**Q** 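Mind looking over this structure? Questions follow.
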Amino acid sequence: MEFRQSSKLAGVCYEIRGPVVDQANALEEAGHSVLRLNTGNPAPFGFEAPEEILQDIIRNLPNAHGYSDSRGILPARRAVVQYYQQRGVTGVGVDDVYLGNGASELIQMSVQALVDDGDEVLVPAPDFPLWTAVVRLAGGRAVHYLCDEQADWYPDLDDIAAKITDRTKAIVVINPNNPTGAVYPKELLTGILDLARRHGLMVLADEIYDKILYDGVEHHCLAALADDVLTLTFNGLSKAYRVAGFRSGWLVVSGPKEHARDYLEGLTMLAGMRLCPNVPAQYAVQAALGGHQSIHDLTLPNGRLTEQRDVVWRALNELPGVSCVKPKGALYAFAKLDPAVHRIHDDEQFVLDLLLREKIHIVQGTGFNWPRPDHFRFVTLPRAQDLETAISRIGRFLATYRQ
């Protein structure tokens, strides 16, 4: 008997770890060195976890043998509450915080608890593809609203408004944005909240990069801008604290929770079904949020992450037929290939051919639900010299590449 994947997976894709990964793995198994720029994984590029986080986990291992509360341990949830109180979020207590095995698990749980077959969720284009995937897996329809490259990759409020229907349940806001690196101004966020308020939408705020900011740009916590809109805020330790492998994230529910009792019962049930988050990693949360924020040293004008962002932005724009809006946050650049110069009609084939020839693994723009095969995402985590070399090799590849 042949076993086939569930029909629920039809149309679900996650190209960050998609089919090209298999080819990259095969190259490495054959002895080749592959520059992995497909995920924002700090550890392979020499970013170490803060020592105080590691020490807190080690000291608490004797207390982490059993299950915790399904929402997570109390000290970690209390630390999350205090963090958002400092950011200006009101009306949040420890029972409004759910810890998870990374923010990704909590994104899946929150959408699964909300979406019925045929329901719609507004998702940015380009997006972090997990959002589109989980909406489809839940039986819903991801409706993509435009982020405008000519306007620093900001969402287009008129486009969002035009795509709201009587089946729309929620709007996803990724800020700072993956893959574009955009950081949204306060006026834009209040405009999105106004649309959510007028149409009775839940807001799903993905803010995992809220501490990775460049050039003095300020991040505005969406939940702090409106206490009358039900907002779910997702964050975690993976990026700002360089512990992606710990899978330590959280979800905070804020706004008029009295109108969402039934939904929150469902979310709590899903939290209980997984028993609890990884307990040792929960002990990292309090130490991380209450300790020295070493990420700020990396994003200063002379910090390593800023230097690498600058190298990528400059070097990509120097390639013939390539342009890139300067990222203001996060760990990525979303580069455009001028269709008049690079006539690429299949961008997955493009990244596969680049991998085979240059041993550089990037992700095609359509993998982020961008509608045209004219972009790719470049991770800014390697050392500056390695980035210069990699982009030079991409330029050499593009100079002769034809489809």
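Numbering of residues begins at 1 and proceeds along the displayed sequence. Because the structure is predicted, anything quoted here is derived from the model rather than measured.
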**Q** Looking at Arg343, I want to see if its CZ is surrounded by more than 12 non-hydrogen atoms of other residues, nucleotides or ligands under 6.0 Å.
**A**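 Result for CZ/Arg343: open.
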
**Q** Within 45 degrees of the axis of the six-membered ring of Phe47 and under 6.0 Å from its centre: does Arg242 put its NZ or CZ there?
**A**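 Because its charged atom misses either the 6.0 Å distance or the 45° angle limit, Arg242 does not stack over Phe47.
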
**Q** Do Ile362 and Asn38 make a side-chain contact, defined as non-hydrogen atoms from C-beta onward lying under 4.5 Å apart?
**A**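 In short, these two side chains do not touch, never coming nearer than 4.5 Å.
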
**Q** Inspect the contact between Arg357 and Asp353 and indicate whether a charged nitrogen and a carboxylate oxygen are less than 4.0 angstrom apart.
**A**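 Result for this pair is no, no salt bridge flagged.
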
**Q** CG of Leu146 to CG of Asp156: how many Å apart, nearest 0.5 Å?
**A**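 Between atom CG of Leu146 and atom CG of Asp156 there are 5.5 Å.
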
**Q** What I want to check is whether the side chains of Ser68 and Gln282 have a donor and an acceptor closer together than 3.5 Å.
**A**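 Short answer, yes.
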
**Q** Can you confirm whether Met269 sits close enough to Met273 that some side-chain heavy atom of one is under 4.5 Å from a side-chain heavy atom of the other?
**A**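 Met269 vs Met273: side chains touch.
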
**Q** Scan side-chain atoms only and decide if Gln82 and Arg78 contain a donor-acceptor pair under the 3.5 Å cut-off.
**A**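 No donor-acceptor contact under 3.5 Å links the two side chains.
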
**Q** Has Arg377 got its NZ or CZ under 6.0 Å from the middle of the six-membered ring of Phe334, at an angle within 45 degrees of the ring axis?
**A**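 No - Arg377 does not lie over the ring of Phe334 by the 6.0 Å and 45° rule.
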
**Q** Distance alone, cut at 3.5 Å: any donor-acceptor contact between the side chains of His375 and Glu149?
**A**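 Their side chains do contain a donor-acceptor pair, which is all the 3.5 Å distance test asks for.
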
**Q** Step by step, would you call Tyr332 with Tyr209 a ring pair (Phe, Tyr, Trp, His ring centres under 6.0 Å)?
**A** CA-CA 11 Å; Tyr332 316 98; Tyr209 299 98; 5.7 Å; yes

**Q** Does the side chain of Pro42 reach to within under 4.5 Å of the side chain of Glu48, using non-hydrogen atoms?
**A**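 No, every pair of side-chain atoms sits at 4.5 Å or beyond.
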
**Q** Distance only, no hydrogens: is a donor on one side chain within 3.5 Å (strictly under) of an acceptor on the other, for Glu51 and Gln55?
**A**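 Checked: Glu51/Gln55 side chains pair up, N/O donor to acceptor below 3.5 Å.
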
**Q** Under 4.0 Å between a Lys/Arg side-chain N and an Asp/Glu carboxylate O for Asp95 and Arg77?
**A**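 Yes, this pair counts.
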
**Q** List in chain and number order the residues that pass salt bridge (charged side-chain N to carboxylate O under 4.0 Å, His left out) with Asp346, two or more places apart in sequence or in another chain; answer none if no residue qualifies.
**A**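 Scan of Asp346 (salt bridge (charged side-chain N to carboxylate O under 4.0 Å, His left out), adjacent residues dropped) gives none.
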
**Q** Assess the side chains of Asp206 and Asn175: does a donor N or O sit below 3.5 Å from an acceptor N or O?
**A**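 Asp206 vs Asn175: no donor-acceptor pair found between side chains.
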
**Q** Inspect the contact between Arg197 and Asp228 and indicate whether a charged nitrogen and a carboxylate oxygen are less than 4.0 angstrom apart.
**A**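 Here Asp228 pairs with Arg197 in a salt bridge, since their nearest N and O are under 4.0 Å apart.
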
**Q** State whether a side-chain donor-acceptor pair under 3.5 Å links Tyr401 with Gln403.
**A**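 Gln403 and Tyr401 do have a side-chain donor-acceptor pair below 3.5 Å.
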
**Q** Step by step, work out the side chain to side chain contact (heavy atoms under 4.5 Å, CB included) result for Phe376 and Val363.
**A** CA-CA 6 Å; Phe376 63 89; Val363 182; over 6 Å; no

**Q** With a 4.0 Å cut-off, would you call Asp210 and Arg87 a salt bridge?
**A**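 Yes, Asp210 and Arg87 are salt-bridged.
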
**Q** Ignoring hydrogens and angles, state whether a donor on the side chain of Ser248 or Tyr241 is under 3.5 Å from an acceptor on the partner side chain.
**A**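 Distance-only check fails for Ser248 and Tyr241.
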
**Q** If you count the non-hydrogen atoms of other residues, nucleotides and ligands that lie under 6.0 Å from CD in Gln112, is the total more than 12?
**A**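 Open.
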
**Q** Given the ring of Tyr214, does Arg309 sit roughly above its face, with NZ or CZ under 6.0 Å from the centre of the six-membered ring and within 45° of the axis?
**A**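 Arg309 over Tyr214 ring: yes.
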
**Q** Salt bridge between Arg167 and Glu120, side-chain N to carboxylate O under 4.0 Å?
**A**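 No, this pair does not count.
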
**Q** Could you verify whether a donor N or O on one side chain and an acceptor N or O on the other, from Thr180 and Asn177, lie under 3.5 Å apart?
**A**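 Yes, because at least one side-chain N or O of Thr180 sits under 3.5 Å from a partner of the opposite role on Asn177.
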
**Q** Do NZ/NE/NH1/NH2 and the carboxylate oxygens of Lys359 and Glu28 come within less than 4.0 Å?
**A**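 The answer is no: the pair does not qualify as a salt bridge.
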
**Q** Do Ile107 and Val134 have side-chain heavy atoms sitting under 4.5 Å apart?
**A**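 Of all side-chain heavy-atom pairs linking Val134 with Ile107, at least one is under 4.5 Å.
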
**Q** Is there a side-chain contact between Leu356 and Leu352 (heavy atoms, below 4.5 Å)?
**A**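 Side-chain contact under 4.5 Å: yes.
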
**Q** Between Arg383 and Asp386, does any side-chain N to carboxylate O distance fall below 4.0 Å?
**A**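 No salt bridge links Arg383 with Asp386.
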
**Q** Give the minimum heavy-atom separation between Ala384 and Gln308, together with the two atoms involved.
**A**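 Taking Ala384 first and Gln308 second, the nearest heavy atoms are N-CG, 4.0 Å.
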
**Q** Hey, what do you get for CG (Leu251) to CG (Leu267), rounding to the nearest 0.5 Å?
**A**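 Atom-to-atom, Leu251:CG and Leu267:CG are 6.0 Å apart.
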
**Q** Can you name the one residue among Trp250, Phe128, Trp131 that meets ring-ring contact (aromatic ring centres under 6.0 Å, His included) with Phe234?
**A**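 Between Phe234 and the candidates, ring-ring contact (aromatic ring centres under 6.0 Å, His included) is satisfied uniquely by Trp131.
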
**Q** Keeping Glu307 on the side-chain end and Gly303 on the backbone end, is there a donor-acceptor pair under 3.5 Å?
**A**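 No, the answer is negative, given that no donor and acceptor are paired below the 3.5 Å cut-off.
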
**Q** Tell me, yes or no, whether the heavy-atom count around Gln385 atom CD, taken from other residues, nucleotides or ligands under 6.0 Å, exceeds 12.
**A**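 12 or below, so no.
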
**Q** Using 0.5 Å steps for rounding, measure from the CG atom of Leu222 to the NZ atom of Lys186.
**A**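 Answer for the CG-NZ pair, Leu222 versus Lys186, is 12.0 Å.
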
**Q** With sequence neighbours excluded, tell me which residues meet side-chain contact (heavy atoms from CB on, under 4.5 Å) with Thr132.
**A**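 Partners of Thr132 under the side-chain contact (heavy atoms from CB on, under 4.5 Å) test: Val123, Asp127, Arg136, Ala142, His144, Asn369.
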
**Q** Can you tell whether the side chains of Asp310 and Arg314 come within less than 4.0 Å, N to carboxylate O?
**A**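 Not counted as a salt bridge, because no side-chain N and carboxylate O are separated by less than 4.0 Å.
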
**Q** Rounded to the nearest 0.5 Å, how far does NZ of Lys257 lie from CG of Leu230?
**A**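 Rounded to the nearest 0.5 Å, the CG-NZ separation comes out at 8.0 Å.
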
**Q** Can you see which heavy atom on Ser238 is nearest to which on Arg247, and at what distance?
**A**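 Of all heavy-atom pairs spanning Ser238 and Arg247, the closest is OG-NH1, 3.2 Å.
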
**Q** Please report the shortest heavy-atom distance between Leu99 and Ala76, naming the atom on each side.
**A**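 Answer, listing the atom of Leu99 first, then Ala76: CD1-CB, 3.5 Å.
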
**Q** Working note: Gln364 + Val351, criterion side chain to side chain contact (heavy atoms under 4.5 Å, CB included); need CA distance, chi angles, decisive distance, verdict.
**A** CA-CA 6 Å; Gln364 67 274 19; Val351 301; 3.3 Å; yes

**Q** Flag the pair Asp374 and Arg372 as a salt bridge only when some basic side-chain nitrogen lies within less than 4.0 angstrom of an acidic carboxylate oxygen.
**A**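 A salt bridge is present here (some side-chain N lies under 4.0 Å from a carboxylate O).
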
